[in-house]
Amino acid sequence: MGDEATTTDLADEVIAYGADVAIYHEDERLERFRHKPYTEIVADMARCGAEPPSWVTGDPGTEPTAEWRDYDKPRYFLFPATNNGRDLSAQVQGELDSGLASDCSGLTIEEELVSNPVKTGEPGEKVEFERVLFMKRPDFSGFEYSTILCLDNPGREFHPQGCSVIPGSFDPIDPDYDREGEVIEHDLELPDDWFRVEVTEFDRLDEGVDLTGHDVVVALGRGIGDDPTKGIELGLDLVDAFDDAALGLSRGVVTASYDLDGHVEQYVAEERQIGETGQVVEPELYVAAGISGAVQHKVGMDESDTIATINTDPDARIRDFSDYFIEGDLFEVLPRLVESVEAGELTLQAEASDD
Amino acid sequence: MHSVVLTKGVPDFREGQVSFDEDGHLERGATPTVMNPNDEFALQAALQTKVKQGGRVSVMSMGPPGYENVLEEAMSVYADDLYLLSDREMAAADTWSTSITLSAGIEKIGETEEHSASAVTESGEPDIIFAGFKTADGETGQTGPQTSWCLDRPIVTHVIALEVDEDEEKLRAKRLVEGDVDEIETVEAPLPAFVVTDPEFEPSYRRAEHRLKHKRFKAETDERVENYEAHLTTWSAEELDLDPDFIGLDGSPTIVSGVDPIPKAPSEREATMVDPDDAEGMDEVLETMRPLAGGD
């Protein structure tokens, strides 16, 4: 969807990347994402023009009859888990009276023997569901993985099975520009009423904090919890001691809602998060202070050349992907490292002047 | 201007509060329930609207009777009154059946004379519905957009700054767009509308008159919270005229088929254990650090 400039090359591009059919809708009013028209268009594409069922609470008993629910119509519906993509996924699946899981990082299609009586209709009964999309996602602020299934009820069908996918969770396919596919222009009248929300201005933001490309990343985790302000200060001190270093954070720190003093508050932001939903770094040296080492964090840093960890718990998961594990309290160890690294800088300078 | 803020109770994920069982599963029962931290921004946006436009701020949540504490917490930020949609039939709802339930609650406010306080809507429904961006437990970010879809309202999400113009019956907002490029959009939407605040939302009170009002409203809500139950309305599924097949677990397209602790990563590096008081051990670590030290 988009204006002419957007859609012209996009259809060919998605076919090169593996699509068999590309459906597009072109309208100059679709240049920027807008919830209502985008949702209406995508839902209409999904149901191939059939009348939607009435799920509205005032009339919930209406039988969904439209043939768009046949299994050869979209059975799965995948969206990007970006700000706009997540909104679109939620509203489209709502309009289609189906369900979805957000921010998935793993997808498989399997048969599943289901015993949940809501889905089977009969307590104690097991029913096999075919070609079920298993949607795996980090949950509970990254403490657990949940697997979500979108399954029909006996009296109400929930299709397509939807999800939004964290960008970068799957390796991109090599494009093949000789590949052939069908390109269909979507036809639908777009009433003015759908464009009630108007975008009057837009500005590109500064890039934000880029943690990649530095020699050193000093990353802080929930171990700073006893005195978060002090913890951030110490992390920044160590960053300053290096020639080219940046401060990173575990997801736990970003979501913790610590009560921080004003001068360090700006450093605790999602833009400094390292891991699956944040930035992926590969510095020469990665210093992890007070980070327990959830697998989502690991994917953001385990290509670092050397990983030095400071943690009070010798059984912390991060030990398995550390080169050095300093078993101690970061509030004591960090100041010592700062002092020694700064002292080391003096030694190096002295050596240099001897040459 | 009548605002309704949607909120949810979530496990308290702060260090020291969250409990796990032997298998590494989160123990919900042993972990205290608090108001979803992101919802505070929605409350701030509603309070700002009341300070500048007048009117009322209601808070609504769907949850078990114990959720009254969550509503109490919301009122400590700001609320004139509280609504709890509570029924066993509503339990274990996914985002879609939650959205159907919440939208029925909002419609009921509009339909009931003693609850309705709209400035602009014909139906009597609240003028602006506010929600925070995703909860700390489910982390879907779907409930706001889906509730808005049920109500067929114009929606503006990821709002970081907001101005409401009651005379022109519209709002102007700045919203954060993240994707290939990060952008800030300025958008205008007619009222009634649905606003999802971003965690970057900041209220703005430039005029002294507004700062004084803000202070007074905060003092009033502090007083109200002492006796918050007097300001609470609870509605059941029947009172909301909801079809049991469309709410709770029964009305949920999705189910959670499994919850796994985040798997322990296979050991890929053999960590050298270092005692910080052992000078020799620390020297080995420092060997890797010193060449990277700052030059000036």
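All values below come from the heavy atoms of this structure, side chains included, with hydrogens, waters and symmetry mates left out. Lettering follows sequence order; numbering is per chain, from 1.
Contacts between T143(B) and chain A at a heavy-atom distance below 4.5 Å are absent for every atom of the residue. Contact of D152(B) with chain A is made through backbone and side chain together, with heavy-atom distances under 4.5 Å. For E200(B), no part sits under 4.5 Å from any heavy atom of chain A, backbone or side chain. Interface remark: R196(A) contributes backbone and side-chain atoms alike to the contact with chain B (heavy atom separation under 4.5 Å). Interface residue D203(A): backbone and side-chain heavy atoms are both found under 4.5 Å from chain B. The contact between R175(B) and chain A is made entirely by side chain atoms (from C-beta outward), counting heavy-atom distances below 4.5 Å. Using a 4.5 Å cut-off between heavy atoms, D323(A) touches chain B through backbone and side chain atoms alike. With a 4.5 angstrom heavy-atom cutoff, D302(A) touches chain B via backbone and side-chain atoms both. Interface residue R32(A): only side-chain heavy atoms are found under 4.5 Å from chain B. Interface remark: A269(A) contributes no atoms to any contact with chain B (heavy atom separation under 4.5 Å). Of the atoms belonging to I310(A), not a single heavy atom falls under 4.5 Å from chain B. For D87(A), the parts sitting under 4.5 Å from any heavy atom of chain B are the backbone and the side chain alike. Contact annotation for I247(B): neither backbone nor side-chain heavy atoms come within less than 4.5 Å of a heavy atom of chain A. V216(A) touches chain B through its side chain: at least one heavy atom from C-beta onward sits under 4.5 Å away, while N, CA, C and O do not. With a 4.5 angstrom heavy-atom cutoff, L88(A) does not touch chain B via any of its atoms.
Ranked by heavy-atom pairs under 4.5 Å with chain B, the list G328(A), A245(A), S322(A), G99(A) is led by S322(A). For the set V114(A), I148(A), I318(A), L149(A), the entry with the most heavy-atom pairs within less than 4.5 Å of chain B is L149(A). In terms of non-hydrogen atom pairs under 4.5 Å with chain B, the most contact-rich of D329(A), N84(A), T200(A) is T200(A).
Looking at every heavy atom in both residues, W96(B) comes nearest to G94(A) through CZ2-O, 3.2 Å. When all heavy atoms are compared, the tightest approach of M289(B) to L285(A) is CG-CD2, 3.6 Å. Smallest separation of non-hydrogen atoms from R156(A) and D245(B): NH1-O, 3.2 Å. When all heavy atoms of T254(B) and C150(A) are compared, the closest pair comes out as CG2-CB, 4.0 Å.
The distance from the OG atom of S257(B) to the NZ atom of K119(A) is 12.0 Å, given to the nearest 0.5 Å. With values rounded to the nearest 0.5 angstrom, F325(A) atom CZ is found 12.0 Å from T272(B) atom OG1. To the nearest 0.5 Å, atom CD1 of residue I326(A) and atom CG of residue D278(B) are 11.0 Å apart. Interatomic distance, L286(B) CG to R336(A) CZ, rounded to the nearest 0.5 Å: 11.0 Å. Rounding to the nearest 0.5 angstrom, the gap separating the CZ atom in F133(B) from the CZ atom in R86(A) is 4.0 Å. The structure places CD of E40(B) at 9.0 Å from OG of S257(A), a figure rounded to the nearest 0.5 Å.
Annotation: side chain of R290(B) is in contact with side chain of S340(A) (closest heavy-atom distance under 4.5 Å). Contact check for L100(A) versus Q146(B): side-chain heavy atoms found under the 4.5 Å cut-off. Taking the side chain as every heavy atom from C-beta outward, S148(B) and Q91(A) approach each other to under 4.5 Å. Side-chain atoms of D103(A) and T140(B), non-hydrogen and from C-beta on, never get closer than 4.5 Å to each other. Taking 4.5 Å as the limit, every side-chain heavy atom of V118(A) sits out of range of all side-chain heavy atoms of I255(B). Counting heavy atoms from C-beta outward, T157(B) and N83(A) have side chains that stay 4.5 Å or more apart. The shortest side-chain heavy-atom distance between R319(A) and M273(B) falls under the 4.5 Å cut-off. Residues D260(B) and K136(A) form a side-chain contact, since some pair of their non-hydrogen atoms from C-beta on lies under 4.5 Å apart.
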*For R269(B) and I307(A), what are the C-alpha separation, side-chain angles and deciding distance, and is it a side chain to side chain contact (heavy atoms under 4.5 Å, CB included)?*
CA-CA 9 Å; R269(B) 301 190 192 217; I307(A) 298 173; 3.5 Å; yes
*Show your reasoning for whether salt bridge (charged side-chain N to carboxylate O under 4.0 Å, His left out) applies to K170(B) and E198(A).*
CA-CA 11 Å; K170(B) 67 179 179 188; E198(A) 248 183 284; over 6 Å; no
*Test H214(A) against L292(B) for side chain to side chain contact (heavy atoms under 4.5 Å, CB included), laying out the working first.*
CA-CA 11 Å; H214(A) 294 280; L292(B) 301 166; over 6 Å; no
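A donor-acceptor contact closer than 3.5 angstrom links the side chains of E95(A) and W149(B).
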